[in-house]
Amino acid sequence: MICFFSKLMYIYLHLLCQLVLVGVCCSASADGTDPYAELSLKPLPEYMIATDGVTMTCITCTDKGQIFLAGRDGHIYELQYTTGSGWRKRCRKVCLTTGIGSLLSRWVLPNAFKFSTVDPIINMVIDDERNTIYARTEGMKLQLFDLGANGDGPLTKVTEEKNIVDPRDAPYGGRRPNARRSAQSPKPSIVCISPLSAMESKWLHAVAVLSDGKRLFLTTSGGSGSSVGLNSSLQRPTCLKIVATRPSPPLGVGGGLTFGAVSAAGRAHPEDLALKVESAFYSAGALIMSDSSATAMSSLLAVQKDSAAQLSLPSTFGTASRSSRALRETVSALPVEGRMLCASDVLPLPDAAFTMQSLYADVECFTGFRKPSEKASIKLWAKGDLPTQHILPRRRVVVFNTMGLMEVIFNRPVDILRKLFDGNTLRSQIEEFFNRFGAGEAAAMCLMLAAKLLYAEDSLISNAVSEKAAEAFEDPGLVGMPQIDGTTALSNTRTQAGGFSMGQVVQDAEPLFSGAYEGLCLCSSRLLYPIWELPIMVIRGPGGTNEQEDGIVVCRLSAGAMKILESKIRSLETFLRSRRNKRRGLYGYVAGLGDSGSILYKTGPIIGSGVNGRSPYNSQIRDINPTDQSASSKKPRLLYTSAELTAMEVRAMECLRRLLRRSGEALFLLQLICQHNVARLAQTLGNDLRKKLVQLTFHQLVCSEDGDQLAMRLISALMEYYIGPEGRGTVEEISTKLREGCPSYFNESDYKYYLSVECLERASMINNPEERDILAKDAFNLLTKIPDSADLSAICKRFENLRFYEAVVRLPLQKAQALDSNADVINGQIDPKHHDMILLQREQCYEVVMNALRTLKGVGQSGMQGADKSSGLTTAVDPASRSKYIKQIIQLSVQWPDTVFHEHLYRTLIELGLENELLEYGGSDLVSFLQSAGRKHQEEVRAVSSLTTGASKLQDLGAPISTSQTKYLELLARYYVLKGEHIGAARMLLILAERQCSNSEEAPTLEKRYEYLRDAVLQAKSASIAADSSRNPIDSSTVDLLEGKLAVLRFQMQIKQELELMVARVENTPPSSSESPSDPFPRDNILADAETAKAAKDKAKELSLNLKSITQLYNDYAVPFNLWEVCLEMLSFANYSGDADSKIVREIWARLLDQALTRGGVAEACSVVKRVGSKLDPADGACLPLDIICLHLEKAALDRLSSGEELVGDDDVARALLGACKGLPEPVLAVYDQLLSNGAIKPSLNLKLRLLRSVLAILREWGMSVIAQRLGTTSAGASFFFDGTFSLSQTGTANQGARDKIISLANRYLNEVKRLNLAQNQTENVYRGFRELEEKLLSPY
């Protein structure tokens, strides 16, 4: 017994006493076409083992290398073999079906004591898909064994069926209804059992062929009905039972060229004739039986599934209804000599098998095809001939019989059609073929022959056959013509009996194209089916598994598979294009109707209805017979004419042709990429693009924008490999391949682009600046011709490294202009959807220029990938060159007439802190940009020449300004200052100072507002000076207005400061310190202070937000919080004259003095008077009532001094009044004189004496100031005169008039002291003071 084990290329020879392993060595032929041209055998004595007296009946093996043997003793053995190590044998035999009792019986008891009959296994078949073993015994029993889910488990017997063939069945002698009794038929035996692949059935697992030709289909899963075996791939076998039977093929069928199917269903067999099958072979839907029923010669019956789509019924091709596919078979009988012993499939060559596995391994319905072996290719035949005859060769089976070796070849439908075309076949036979297989399937086979799409060894098709197939494909008598589906519903509603019929349901009219279009669809879909919806790339891990994160990207398809598929697709597309160019078939008919371009590529109706000349389509597309016009006039008009339907079909076929062309180019591109290590090319992509590449299907590569983008990136990586420093070619070499193989992915613009890249690469390696600039200029000139095709992110980076910034600016702007050539985005003449999309694309172009500025500035880029590693000259730039390049970019950018781009440029310059460069080199639209970006109002700032003077020109519109907009107005103010437009600058500064804010975070500080107003005043004054020099005067009210606003702001700052101090005093004061023992309600004072502090805090916050008017500051802030000092200053600033007697001012002064006296006594009051008075005009008696102030302070000083509450000096009040009058003694003396002489005020004697002491102090100060002025010294130095150190004669004559006045007043007030009715000790010091003052001034020494 010989068993071939192709996996390891070994042969096991079964002799009577031992098993021998023989190695097989294969040698290929000289031309390499046949890898098994020569075979040589080599015995392996290390792998020889004794049978232990057991005769082996059969040997079989699995695809994993396990070898099983069945012996005459009824047991199953496994032959285990290893490479051998140490004392262990390399080969041993293990019994898998024995137990302890069986071992004792075999080795202890002699054979004489064994009385049971052994039923040995004579045939074993392994199901490698389900990991089960079917065994047939000599007693016609079927046994089922399980090897585990993965095939490496222990052998387990599942079941054994004894009555698979029931003798009570009608064919075997049982009773049959309505049939005469016949002789007892012998019980049939099982001659063959074969597993069924999952491609053939999901619930049937094996088929058994009986000796009478009957076939039994078995399942190993429980359940019933259609649910049996649905999950057989996951469940283990539990039983073995018959699910369906198939009768034996009919007798009397001859061989030859006949292709008619003989239906076995319902056929009555002659009872005296029956098949006598001696042996059989079943594999992947094909059955070969050796029949010896004929006495003269035995025959081979070849049974296959019938691929015909229709029954042999006459029909009209255009409207023929498709019949249901019955379970039909084709049977061929071949008379042979001898008896068949065994048979085997002829496996495809390894290259072809690998191609099949690469194409169909990942297709869902071919999941069992993943194993890369030649045996797996056989499973494709189980799907039938029609889906696979374009890719698989004709099926061949080798039959071993008693007379020798023979090969059986199964013809496919396309082979039959080829033979019909090859001979002088009648047209009726070809029509019958089209009728049997359907117009679509037959047309698809015609395309295969015409375009020569068959398998390589079957592709020897003569030109005559190809031309006949093309003519049949275009023959309207065979493939039909396009019609309107549903027209049969418009039938006559009259009945034969004269009654009325409601008619049929009117269906929607839809175009139904001819069989030629259907055949093209079938042929195209079968070519693209294994790749269309599957990814083209996978991630392959180290162990060869997919979906590994740390793996590399590889192409799912092999190079050979893609090449074969591309060749077939291009052949089909070339055939269609040649027929179109020659105007054959429907192309010629449609071209005769008018403009072929409008017919083929537009969707409008066909113009023109008549066709002159002879054409096979004239008989199919013609007007209605005049005799039928009366009847046709009663029918509703069809939606499309025949010519329109024909044109629609031609357009559809043209779309398919273009799809095929694009698919062929995509396959070519994939092959070229795989030749240059796709894993290395994929590494150049980013993580996101790499993920997209792995998920990209062939459909997306052909038809989607993402596919175009990824293809472009891969081509870019491929070109960089060629033109890089380690490249192995030039752009011209690889571009030629791409332009010839995939012009839709690589066109002329791509060629120019990569030529420019090559120039830039060469420029990066040259140290000569002049040559480098020439190459960069050449690259720039090439790219200007294709502005919309350049990859700006990479190409502009190369120009940056070469410091050729003209291209960095111009190329992105040219591309942005090409995206919106009509400026629809700028003009707003485009719908919002496209507006946003185009604007986004334009902004991406703008970002390239902005990133160049960021690089020069040293700021990180945004929205751009890293620098091109392949480019050179990435040296650092010195500050001077950096400034030069930035200036160059700005100047080039400003020259481009694109306002949208200018906005991006200006914003980026401000973002990068290049305000000085922006103001210096900005364009004419800079002012409008800063206005719109910073203010968002309609009024524009006018130039100085158009401004009219007046405060109204500086009036703020009150529109809110955010913090982000402030910088634009500041820049606008700086721009006006730089250009000498001082009024415009003042207005911008005023707007900034008076900007309205809603929260403290956005509001500028009052100090910042003060700076704005102060600068505005300076600019207004500068404008006045410039106007005076140019003799073009400007009204001074502008400066007055700004100065007034600045003064009001100072008041606001002062009030805010006072309120914050008030809050701080309350918060920092301990609760116990504010309580007085004499206060009856101490807690009420604390609460009142807290509420006041809270109110002051809120008001201070309000003041920090926005500017207030002087009225608001006075009424809402100063008066409510008793800020009398500020009130007086504001009244003085406002030139208050509300009442004639200044009652309000006098009242405020009184409250201010009382407040100061309460806080710090007379000293604090004097300090307040000195501080406030110095800010007021002494001549303005309305705001500075010295009489009220003097009398109030003198009374308070006298009272406090008398009570001992405070020590007050004689000259404290006088000095305070002098400070309030800015050192002028006359106003103060006039007040005191008024108080002493005016009868309206009658002070007491002590008060009068107090007043005279103050007058003495004033006169003394006045005298010292006069002497100091004369001597050219200070008042402190003049005090030495009164001490006797100096004399007037030493320094010259003093101011005689002032001295005389002082002497006169001293003499006068001396007399006033004399008249006081007071004790001498009280008046003596005052009297002596006046006298000494008089004497000093009168004395020459």
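For the numbers below, each heavy atom of this structure counts, side chains included, while hydrogens, waters and symmetry mates do not. On a predicted model such as this, the values are computed, not experimentally measured, just so you know.
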Quiz item: What is the minimum heavy-atom distance between Thr1038 and Ala1020, and which atoms define it?
Solution: CG2-CB, 4.4 Å
Exercise. Take Glu1205 and Arg1200, measure what salt bridge (charged side-chain N to carboxylate O under 4.0 Å, His left out) needs, and give me the verdict at the end.
Key: CA-CA 5 Å; Glu1205 185 178 353; Arg1200 287 177 177 268; 2.9 Å; yes
Quiz item: Which residue, Lys1099, Glu1102, Glu1058, forms the side-chain hydrogen bond (donor to acceptor under 3.5 Å, both in side chains) with Tyr1117?
Solution: Glu1102
Quiz item: Can you check whether Ser928's main-chain N or O pairs, donor with acceptor, with Ser932's side chain at less than 3.5 Å?
Solution: yes
Quiz item: Does Trp1262 reach the side chain of Leu1305, with side-chain heavy atoms less than 4.5 Å apart?
Solution: yes
Quiz item: Has Leu978 got more than 12 heavy atoms of other residues, nucleotides or ligands less than 6.0 Å from its CG?
Solution: yes
Self-check item: Qualifying residues under salt bridge (Lys or Arg N to Asp or Glu O under 4.0 Å), relative to Lys979, sequence neighbours excluded
Solution: none
Quiz prompt | Nearest-0.5 Å distance, CD of residue Glu917 to CG of residue Leu853 | solution = 10.0 Å
Exercise. May I have the step-by-step check of salt bridge (charged side-chain N to carboxylate O under 4.0 Å, His left out) for Glu1147 and Lys1143, ending in yes or no?
Key: CA-CA 6 Å; Glu1147 183 179 355; Lys1143 180 179 179 181; over 6 Å; no
Practice problem: Could you tell me whether the side chain of Thr1111 reaches within less than 4.5 Å of the side chain of Asp1116, counting heavy atoms only? | Solution: no
Can I get a per-line list of side-chain donor-acceptor pairs under 3.5 Å for residues 1049-1057, giving both atom names and the distance, sequence neighbours left out?
from: Arg1050; atom 1: NH1; to: Tyr1010; atom 2: OH; distance (Å): 3.4
from: Gln1052; atom 1: OE1; to: Lys1108; atom 2: N; distance (Å): 3.0
from: Gln1052; atom 1: NE2; to: Leu1103; atom 2: O; distance (Å): 2.6
from: Gln1052; atom 1: NE2; to: Asn1106; atom 2: O; distance (Å): 2.9
from: Lys1056; atom 1: NZ; to: Glu1060; atom 2: OE2; distance (Å): 2.5

Quiz item: Is Asp1098 reaching over with its side chain to a backbone N or O of Ala1095, donor-acceptor style, under 3.5 angstrom?
Solution: no
Quiz prompt | Distance, nearest 0.5 Å, that separates CG of Asp925 from CG of Leu930 | solution = 9.5 Å
Quiz item: Can you list every pair that meets side chain to side chain donor-acceptor pair (under 3.5 Å) and has a residue in residues 1189-1198, with sequence neighbours left out?
Solution: Asp1154-His1192, Glu1194-Tyr1232, Glu1194-Arg1250, Glu1194-Ser1254
Quiz item: Going through the distances and angles, do Arg1253 and Asn1325 end up as a side-chain hydrogen bond (donor to acceptor under 3.5 Å, both in side chains)?
Solution: CA-CA 9 Å; Arg1253 287 193 181 97; Asn1325 292 334; over 6 Å; no
Quiz prompt | Heavy-atom side-chain proximity of Leu1217 to Val1231 below 4.5 angstrom | solution = no
Practice problem: Taking all heavy atoms of Leu1218 and all of Leu1224, pick out the closest pair and write down the distance. | Solution: CD2-O, 3.7 Å
Quiz item: Can you tell me how far CG of Leu1131 sits from CD1 of Ile1148, rounded to the nearest 0.5 angstrom?
Solution: 5.0 Å
Quiz item: Does Arg1009 use its side chain to pair, donor to acceptor, with the backbone of Arg995 at less than 3.5 Å?
Solution: yes
Quiz item: Ignoring hydrogens and geometry, is there a side-chain-to-backbone donor-acceptor pair from Ser1104 to Lys1101 under 3.5 Å?
Solution: yes
Quiz item: What residues form a side-chain contact (heavy atoms from CB on, under 4.5 Å) with Lys967, not counting sequence neighbours?
Solution: Ile910
Self-check item: Close side-chain approach of Val1063 to Leu1059, heavy-atom, < 4.5 Å
Solution: no
Exercise. For side chain to side chain contact (heavy atoms under 4.5 Å, CB included), just list the numbers for Leu1259 and Leu1229, CA-CA rounded to whole Å, side-chain angles, deciding distance to a tenth of an Å, and then say yes or no.
Key: CA-CA 8 Å; Leu1259 290 175; Leu1229 288 174; 3.7 Å; yes
Self-check item: Leu912 side, atom CG; Met850 side, atom CE - distance, nearest 0.5 Å
Solution: 9.0 Å
Self-check item: Sub-4.5 Å side-chain heavy-atom contact between Gln931 and Leu972
Solution: yes
Quiz prompt | Set of residues satisfying side-chain contact (heavy atoms from CB on, under 4.5 Å) with respect to Arg1171, sequence neighbours excluded | solution = Glu1125, Ser1167, Val1168, Lys1175
Quiz item: Is the distance between the ring centroids of Tyr906 and Tyr968 less than 6.0 Å?
Solution: no
Exercise. For residues Ala993 and Leu1107, report the shortest heavy-atom separation together with the two atoms involved.
Key: O-CD1, 3.4 Å
Self-check item: Electrostatic pair Glu970-Arg974, nearest N-O below 4.0 angstrom
Solution: no
Quiz prompt | Nearest heavy-atom neighbours spanning Leu1193 and Ala1165 | solution = CD2-CB, 3.5 Å
Practice problem: For residues Leu1153 and Val1169, report the shortest heavy-atom separation together with the two atoms involved. | Solution: CD2-CG2, 3.4 Å
Practice problem: Could you list the residues that satisfy salt bridge (Lys or Arg N to Asp or Glu O under 4.0 Å) with Glu915, not counting sequence neighbours? | Solution: none
Quiz item: Under the 3.5 angstrom rule, does the side chain of Arg1215 hit a backbone N or O of Lys1170 as a donor-acceptor pair?
Solution: no
Practice problem: Take His982 and Tyr976, measure what side chain to side chain contact (heavy atoms under 4.5 Å, CB included) needs, and give me the verdict at the end. | Solution: CA-CA 6 Å; His982 301 290; Tyr976 284 137; over 6 Å; no
Quiz prompt | Non-hydrogen side-chain atoms of Leu969 and Thr966 separated by less than 4.5 Å | solution = no
Quiz prompt | Min side-chain heavy-atom separation Cys1190-Leu1235 under 4.5 Å | solution = yes
Practice problem: Measure the spacing between CE of Met988 and CG of Leu971 and express it to the nearest 0.5 Å. | Solution: 12.5 Å
Quiz prompt | Considering all heavy atoms, the nearest Phe1133-Ala1047 contact | solution = CE1-CB, 3.6 Å
Quiz prompt | Stepwise side chain to side chain contact (heavy atoms under 4.5 Å, CB included) test for Asn1122 and Trp1124 | solution = CA-CA 5 Å; Asn1122 301 329; Trp1124 309 118; 3.1 Å; yes
Quiz prompt | Euclidean distance, Leu1006 CG relative to Leu1013 CG, rounded to 0.5 Å | solution = 10.5 Å
Exercise. Please check if the side chain of Thr1005 supplies one atom and the backbone of Lys1008 the other of a donor-acceptor pair under 3.5 Å.
Key: yes
Quiz item: With a 4.5 Å limit on heavy-atom distance, are the side chains of Tyr1114 and Val1119 in contact?
Solution: yes
Quiz prompt | Working for side chain to side chain contact (heavy atoms under 4.5 Å, CB included), residues Lys1021 and Glu1043 | solution = CA-CA 10 Å; Lys1021 291 181 178 179; Glu1043 290 180 342; 3.1 Å; yes
